[in-house]
Amino acid sequence: NQAGLIAQQKGDLSSAAKYFSDTADVARKAALPRMEASALYYAAKVYQTQGKMIRANAFIDAAIAQQNRAQEALDLPLYIAEKAEIENALHHPAKANALFVQATALTESMLVNAPSSRVKSAMIETMGTVYLGHFRLALTTFHSPAKAFQIVESARGRTLADTLLSHRATPSSDTVTPADQEISRIQAQLRRPGNSEADTKRLQVKLDHAYGSLVPVDYARDRAEVTSSGKSVSLSVVQNDLSPGETLIEYVLMDEAHSYAFEITKAHVQVHPLPPRREIEALAQKYIKSVRAKEDASDLAKLLFQTLVTPALTSHPESVTVIPDGVLHVVPFAALRDENNQYWINSVQMASSPSATVFHRLRSVEQKSAPTKPFLGVAFSPQEGSRNVGMISSSREVSFG
């Protein structure tokens with residue numbers, strides 16, 4: 001298997017395919033279904049790279065069958081996502097979409113009762129791979145920015161919910177409860193091949209109910225509040241939240257030819273291509289390193305602005321909310337240098353948010369708590385050096401509608 005991976009890295013795909021096939025044969029004779037599944041999976045990826053999609057599809061089907069026989073099917077979502085990629089290459093986009101939905105649901109179901117932090121971390125990494133594949137399908141095959149946006153928001157909402165709730169106590173008893181048994185049964189159903197998108201969503205709802213009966217009442221309540229008041233926000237709802245002159249930029253970094261930036265205003269939505277993740281990460285890390293070393297980073301700040309912001313804006317908004325991704329979370333967008341070599345914060349009002357769904361929730365709270373009547377505030381300061389503190393030297397009217 002390792003020899004196959006080395007050959008694959010060297011670009012010797014014929015040798016790689018043979019090594020993986022040999023591995024699968026040995027594993028089959030030794031009754032090692034996980035190893036056989038792994039070899040078949042890698043062989044499928046090789047055949048996909050070679051453009052031999054029919055053969056790739058046969059190998060990935062065999063890999064999924066063997067992975068289902070394994071005691072721990074932790075890699076199964078990746079295998080299903082790979083089959084989705086192959087089905088899309090075979091011009092079956094509807095099948096590919098259903099497979100991505102199944103892979104996502106299966107990953108999330110495994111996160112529900114992950115036996116260790118190591119397994120949980122692996123499942124979160126898998127979830128990122130699955131979501132990005134699904135995102136690419138929605139954007140480049142279905143040409144649907146709204147669907148692609150929903151997929152990204154679902155991923156970020158799930159990760160954020162997991163982070164916010166990770167400090168809460170989860171059941172530690174070794175006793176297998178009826179809820180545990182129900183979760184295992186639903187997970188087995190999610191692994192079945194041929195589930196439709198409707199079947200998968202129905203099983204997800206059942207899984208949420210089963211998990212709700214497993215965890216403490218306060219945890220279940222908080223989980224429901226964070227994950228759903230439950231669903232990720234739609235593109236049209238975010239547009240409705242925005243005011244004229246306001247723009248939201250949401251970044252999606254990908255290890256391919258392009259990363260992307262959503263430019264969202266009240267009137268329009270555009271998806272702009274950006275350089276791949278590795279180029280953006282290298283530039284961002286170089287800038288951060290320069291700032292921390294207290295060096296002159298103005299050229300890097302200007303280059304980052306040209307790389308990340310200029311392609312993502314088709315207008316000159318009054319205010320911008322940035323939703324970063326990956327390494328961009330540590331980039332101070334306000335300190336980037338614009339085309340006039342000025343700090344960006346000098347020309348626009350700026351804010352950031354971990355996701356558009358969080359932005360929507362906070363905006364909804366603001367709207368509910370806003371005063372229903374206009375309010376006039378007047379500020380003044382005494383004239384410098386004057387003893388008459390009653391003398392108004394300056395005033396400003398601020399109205400809040």
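Computed from a prediction, not measured in an experiment: that's the story for all the values here.
Heavy atoms of other residues, nucleotides or ligands lying less than 6.0 angstrom from CZ of Phe142 number more than 12.
No donor-acceptor distance shorter than 3.5 angstrom exists from the side chain of Arg337 to the backbone of Ala301, with no hydrogens or angles considered. Of the possible polar contacts, one joining the Glu153 side chain to the Ala356 backbone as a donor-acceptor pair under 3.5 Å is found. No donor-acceptor pair under 3.5 Å is formed between the side chain of Ser352 and the backbone N or O of Val322. Put simply, the side chain of Ser109 gets close to the backbone of Leu106: a donor and an acceptor are under 3.5 Å apart. Using a distance-only test at 3.5 Å, with no hydrogens or angles considered, a donor-acceptor pair links the side chain of Lys266 to the main chain of Asn240. Looking only at distances, no side-chain donor or acceptor of Ser319 sits under 3.5 Å from a matching main-chain atom of Met350. Looking only at distances, a side-chain donor or acceptor of Thr23 sits under 3.5 Å from a matching main-chain atom of Tyr19.
A salt bridge links Asp25 to Arg28: at least one charged side-chain nitrogen sits closer than 4.0 Å to a carboxylate oxygen.
In this structure, Asp241 and Arg363 approach most closely via the heavy-atom pair O-NH1, 3.0 Å. Between Ile80 and Leu99, the closest heavy-atom pair is CG2-O, 3.3 Å. Leu137 and Pro93 get closest at one heavy-atom pair: CD2-O, 4.2 Å. Between Val271 and Pro145, the shortest heavy-atom contact is CG2-CB, 3.8 Å. The nearest pair of heavy atoms linking Met53 to Leu90 is CB-CD2, 3.4 Å. Taking all atoms of both residues into account, the shortest heavy-atom contact from Gln239 to Ala267 is NE2-C, 3.9 Å.
Residue Tyr131 holds its OH atom at 9.0 Å from CD1 of Ile151, rounded to the nearest 0.5 Å.
Residues Val26 and Lys29 are not in side-chain contact: their nearest non-hydrogen atoms beyond the backbone lie 4.5 Å or more apart. No side-chain heavy atom of Gln150 sits under 4.5 Å from any side-chain heavy atom of His134. Looking only at side-chain heavy atoms (C-beta outward), Pro317 and Thr265 stay at 4.5 Å or farther from each other. Lys83 has its side chain out of reach of Gln102: every pair of non-hydrogen atoms, C-beta onward, lies at least 4.5 Å apart.
Side-chain N/O atoms of His360 and Thr357 include no donor and acceptor closer than 3.5 Å.
Less than 6.0 angstrom separates the ring centroid of Phe135 from the ring centroid of Tyr260.
Classification of the Tyr79-Tyr41 ring pair by plane angle, with boundaries at 30° and 60°, yields parallel. Using the six-membered ring where Trp is involved, Phe333 and Trp344 have ring planes that are tilted, between 30° and 60° apart.
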Next item on the list: Kindly determine whether Asp199 and Arg202 satisfy salt bridge (Lys or Arg N to Asp or Glu O under 4.0 Å), including the steps that lead there.
Entry: CA-CA 5 Å; Asp199 291 335; Arg202 176 178 53 80; 3.8 Å; yes

